[in-house]
Number of protein chains: 2
Amino acid sequence: MYYLSDFGSFHVGGRIVEVRNQPNRKVWFTETSYHDQDPNGEFLIEQVYVQYFIPQKRQYKWPLVLLHGGGLTGACWETTPDGRPGWLHNFLSAGFAVYVLDNVERGRSGFCAIENVWDGQPIQRTLKEAWDIFRFGKPENYQSGKPFKGLEFPLEYMEAFQRQFVPRWTSTSGAQVRGIGEALKKIGSCVLICHSQGGFLGGKAAVENIDVIKGLICVEASGWPRLTDINKDIAKKAPWLVLLGDYIDESPRWQSARTEAAEFCEHMNSLGGNASLISLPDVGFEGASHMLMMDRHSDKIAGWISKWIFQSCVE
Amino acid sequence: MYYLSDFGSFHVGGRIVEVRNQPNRKVWFTETSYHDQDPNGEFLIEQVYVQYFIPQKRQYKWPLVLLHGGGLTGACWETTPDGRPGWLHNFLSAGFAVYVLDNVERGRSGFCAIENVWDGQPIQRTLKEAWDIFRFGKPENYQSGKPFKGLEFPLEYMEAFQRQFVPRWTSTSGAQVRGIGEALKKIGSCVLICHSQGGFLGGKAAVENIDVIKGLICVEASGWPRLTDINKDIAKKAPWLVLLGDYIDESPRWQSARTEAAEFCEHMNSLGGNASLISLPDVGFEGASHMLMMDRHSDKIAGWISKWIFQSCVE
């Protein structure tokens, strides 16, 4: 049962672009209706969609903001592929107000379809690439589906998970960081939880909007803000929790990410910050995949994070 | 306050497409990380995202399914641009379980970024075109912002509304109808509420999945299923309510849509069906725009529709 004092959504941010001097084109809206479209004019692009859920009994002062990773949307925090309550539900039940973002270009934020505004084309992840990057099993075991030993990701619901995949651009980091920043400004003081690509984007937006950051949790981050962008004030503002799952040693890519994560934490702490790099198997979560908010023990990981927030993000 | 026995989401439908014999490409995932991407492999496309909310006290047997129109997503049913509870909230509060769809290519369903799978390019609506199509005011008054007399759309929050706009394809009707059909099969018996382009797509999906349709409400539909696809069994299965807002006489496009709506209802009724074409100003809702789920009197229109469902969709 979920008792909500409120829920809803809004969009923030974006900018106007203008198209000029293009010829009209005939556009079919349905099989039976078309019209002559004038493509010239103003368009609003690069906005961010935020959906929020406020529990009736809040147990924590500031909201959590959930930022998905690459090739995914805010849906990744909802019902898991095997049909259990997701982290959105877990955190709500723990008494947090939760704000879920769809980043610029993703989900209900929409993308920019105006030519020559964004560089390059959107790319889509193959199912095999997802298998490799998300650390479900050895690359050579994609076809057989043989998982890493002890994997907690519910592979038998793989297709339900694959349906969450959406395309992404690789040239939109600037707009995404701006968009996240607009959302943070609107939401105000909060604890930000970022996954994968969100670690880089959310981390950068947090550095640029550090005033509202009460804590930052980077889950399986694939990148980091530039160390040179961090000063003592930023480092000391709020605690950072950096979480990595299991099977890192199986993946050169994730070994590099782990090295970068360690360097980032070390830099933060050298400036007087409080950044902790936690390997989840070391705290009882063996078998955690990259998509650990969907793993069979996802609710327990959420519980562990909730406890960390209650204890660490207090000022 | 919202007391929910459950809420969450799932994706349904989709199909696998395969890419072969393409060269690798270097993909930058963040400013600091790239990898050599093999674009060959399998992709899952054309799935549909469904988010559901189940009230603790249900007052009606079957769920409502909300299908957005063109250039928009399921977000159009949530909080209105001026920050009031949207139809999602109104129907939940009236005791309906509510399922909100993001159609194929839109929102959290994602689009297909694989070349040569969908015809043509996505298009985006100019802000002026939206002004015209959504019947906020005369086309020549876009710049001045002078609305139609008595307009109920909250124009002072226009930018918040424009942020909801997303691109669309014009070649994906088939995939969209299939996707809606998959969602209807999964949800089971329901009352379907479609807006604008959704009238055509949802109507077609309803005709193809008539077994689960307990009622169909086409709000400002811009197109219709082919009359030749309707037989007596389909026509008699469930009542159809066709709603049109105000200012139709100001727009040749919407005059045509009204004519088509009247022809559709006449055809349904000639086959023994129960289809009603209602002009909202005739039942007390003067000033209703095309985006009437966001108009200032949106909650009263939702109440009127709820009453119709309770009275008419009973078998």
Side-chain angles (χ1 to χ4, degrees), chain A residues 1-5 7-11 14 27-33 35 37-44 47 49 51 56 70 73-75 78-79 85 89 102 107-108 110-111 113-114 121-124 126-129 159-160 162-167 170 173 197 200 222-224 253, chain B residues 1-5 7-11 14 27-33 35 37-44 47 49 51 56 70 73-75 78-79 85 89 102 107-108 110-111 113-114 121-124 126-129 159-160 162-167 170 173 197 200 222-224 253:
Chain A
M1 206 66 70
Y2 301 94
Y3 292 168
L4 307 178
S5 67
F7 78 100
S9 63
F10 55 84
H11 288 74
V27 172
W28 290 87
F29 274 95
T30 68
E31 280 176 24
T32 55
S33 79
H35 83 131
Q37 194 196 40
D38 177 0
N40 301 291
E42 294 180 324
F43 302 85
L44 186 52
Q47 59 275 30
Y49 170 78
Q51 191 176 40
Q56 185 178 14
T73 72
E78 299 175 345
T79 313
H89 303 74
D102 282 356
R108 290 171 169 178
F111 58 95
I114 319 295
Q121 297 298 315
I123 61 165
Q124 205 157 338
T126 65
L127 302 185
K128 176 174 187 325
E129 185 177 290
E159 196 174 277
Q162 291 166 339
R163 289 190 177 111
Q164 294 197 15
F165 297 2
V166 300
T170 58
S173 294
Q197 183 201 27
F200 167 67
S222 60
W224 297 93
R253 176 205 306 261
Chain B
M1 205 66 70
Y2 300 93
Y3 293 164
L4 307 179
S5 68
F7 79 99
S9 63
F10 56 85
H11 288 74
V27 172
W28 289 87
F29 273 97
T30 68
E31 279 176 24
T32 57
S33 79
H35 83 132
Q37 194 196 40
D38 178 0
N40 301 291
E42 293 179 325
F43 301 85
L44 185 53
Q47 59 275 29
Y49 170 78
Q51 191 176 42
Q56 186 177 13
T73 72
E78 299 176 346
T79 312
H89 304 73
D102 282 356
R108 290 172 167 178
F111 59 94
I114 319 294
Q121 297 300 313
I123 60 164
Q124 204 157 339
T126 66
L127 302 185
K128 177 175 187 321
E129 185 177 289
E159 198 174 274
Q162 290 167 340
R163 289 191 178 110
Q164 295 196 13
F165 297 2
V166 300
T170 57
S173 295
Q197 183 201 25
F200 167 67
S222 59
W224 297 94
R253 174 204 307 262

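All heavy atoms count here, side chains included; hydrogens, waters and symmetry mates do not. Protein chains get the first letters and strands the later ones, always in sequence-line order, with residue 1 at the start of each. Not measured: the values here are computed from a predicted model.
Counting heavy atoms from C-beta outward, B:Asp38 and A:Thr126 have side chains that stay 4.5 Å or more apart. Within the 4.5 Å cutoff, the side chain of A:Leu44 has heavy atoms near those of the B:Arg163 side chain. A heavy-atom distance below 4.5 Å is found between the side chains of B:Phe7 and A:His89.
Note: A:Tyr49 leads A:Phe165, A:Tyr49, A:Phe10 in heavy-atom pairs under 4.5 Å with chain B. In terms of non-hydrogen atom pairs under 4.5 Å with chain A, the most contact-rich of B:Val166, B:Asp102, B:Ile114 is B:Asp102. In terms of heavy-atom pairs under 4.5 angstrom with chain B, the leader among A:Gly74, A:Gly41, A:Ala160 is A:Gly74. Interface check for chain B: of the options A:Gly70, A:Ser9, A:Ala75, A:Ser5, the most heavy-atom pairs under 4.5 Å are formed by A:Ser9. When B:Gly107, B:Pro122, B:Gly110, B:Pro85 are compared by the number of non-hydrogen pairs under 4.5 Å with chain A, B:Gly107 comes out ahead.
The minimum heavy-atom distance linking B:Gln162 with A:Gln47 is given by the pair O-NE2, 4.2 Å.
Interface remark: A:Tyr3 contributes backbone and side-chain atoms alike to the contact with chain B (heavy atom separation under 4.5 Å). With a 4.5 Å cut-off on non-hydrogen atoms, A:Gln121 does not touch chain B at all.
Residues B:Phe111 and A:Phe111 place their aromatic rings such that the two centres sit under 6.0 Å apart.
Residues forming a salt bridge (Lys or Arg N to Asp or Glu O under 4.0 Å) with B:Glu42 (at least two apart in sequence, or on another chain): none. Residues passing the side-chain hydrogen bond (donor to acceptor under 3.5 Å, both in side chains) test with B:Gln124: none are found, sequence neighbours excluded.
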